[in-house]
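These values consider heavy atoms only, across backbone and side chains, with no hydrogens, waters or symmetry-generated copies.
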Amino acid sequence: NMITGTSHTRGTLLHKRPDGQSECGYWERARILVMQVARDVFCHFLKSKACYEHDNGESTEIRNTVAFFPKGRAGACWGTRTVKKAYMIR
């Protein structure tokens, strides 16, 4: 969920359970500023470079890799280029 900032997103939803409890897909986002993760998210970042900073100050550089963001994680993300990812939300 976006808390603040301007973001231009496009993507494809590949599957979503009828009860809405999980989904998977692909998206591209040109910019992310501040975020809060509402549910567990597993991502495979494709042709991406970004820096995620957790509210506790922990910083992680994402560059064409996989990542897991647990429910409740909050912080900021700066994309140095368009972030492209395949994702699974549970």
Side-chain angles (χ1 to χ4, degrees):
N1 292 338
M2 291 294 298
I3 296 172
T4 187
T6 302
S7 179
H8 302 283
T9 304
R10 69 180 185 174
T12 302
L13 179 65
L14 299 174
H15 176 75
K16 186 170 189 171
R17 281 183 32 175
D19 62 7
Q21 291 300 306
S22 66
E23 68 180 64
C24 62
Y26 167 83
W27 68 239
E28 297 180 12
R29 183 169 286 175
R31 182 176 176 197
I32 306 172
L33 294 178
V34 179
M35 63 177 211
Q36 183 171 1
V37 179
R39 295 183 287 166
D40 291 343
V41 180
F42 175 79
C43 307
H44 181 196
F45 290 87
L46 314 162
K47 295 185 179 180
S48 301
K49 184 176 177 186
C51 183
Y52 284 84
E53 185 175 308
H54 191 278
D55 278 350
N56 68 9
E58 170 191 333
S59 183
T60 304
E61 185 176 311
I62 302 294
R63 186 186 298 229
N64 305 332
T65 190
V66 297
F68 175 75
F69 300 102
K71 177 182 177 179
R73 182 172 175 135
C77 173
W78 296 269
T80 56
R81 59 181 173 228
T82 299
V83 175
K84 300 175 182 183
K85 74 175 186 177
Y87 68 90
M88 174 70 178
I89 300 173
R90 64 178 180 154

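Using the six-membered ring where Trp is involved, Phe45 and Phe69 have ring planes that are perpendicular, over 60° apart on the 30 and 60° scheme.
The two residues Arg39 and Arg90 have their closest heavy-atom pair at CB-O, 3.1 Å. Taking each heavy atom of Gly75 and Asp55 in turn, the nearest pair found is CA-OD1, 3.4 Å. Looking at every heavy atom in both residues, Val83 comes nearest to Ala50 through CG2-CB, 4.1 Å. His15 and Arg17 get closest at one heavy-atom pair: NE2-N, 3.9 Å. A pairwise comparison of heavy atoms in Ile62 and Ala67 identifies CD1-CB, 4.1 Å as the closest pair. Heavy-atom minimum distance, Asn64 versus Leu46: OD1-C, 3.8 Å.
Taking CD from Gln21 and NZ from Lys16, the interatomic distance works out to 10.0 Å, rounded to the nearest 0.5 Å. Rounded to the nearest 0.5 Å, atoms CZ (Arg63) and SG (Cys51) are 11.0 Å apart. Taken to the nearest 0.5 Å, the CZ atom of Arg73 stands 10.5 Å off from the CZ atom of Phe68. Distance CD/Glu58 to CD/Glu53: 10.0 Å, rounded to 0.5 Å.
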What do the steps show when you test Trp27 against Lys85 for side chain to side chain contact (heavy atoms under 4.5 Å, CB included), and what is the final call? CA-CA 6 Å; Trp27 68 239; Lys85 74 175 186 177; 3.0 Å; yes
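Under a hydrophobic-cluster definition in which Ile, Leu, Val, Met, Phe, Trp and Tyr are linked whenever side-chain heavy atoms come within less than 4.5 Å, directly or via other members, Tyr52 and Tyr87 are assigned to the same cluster.
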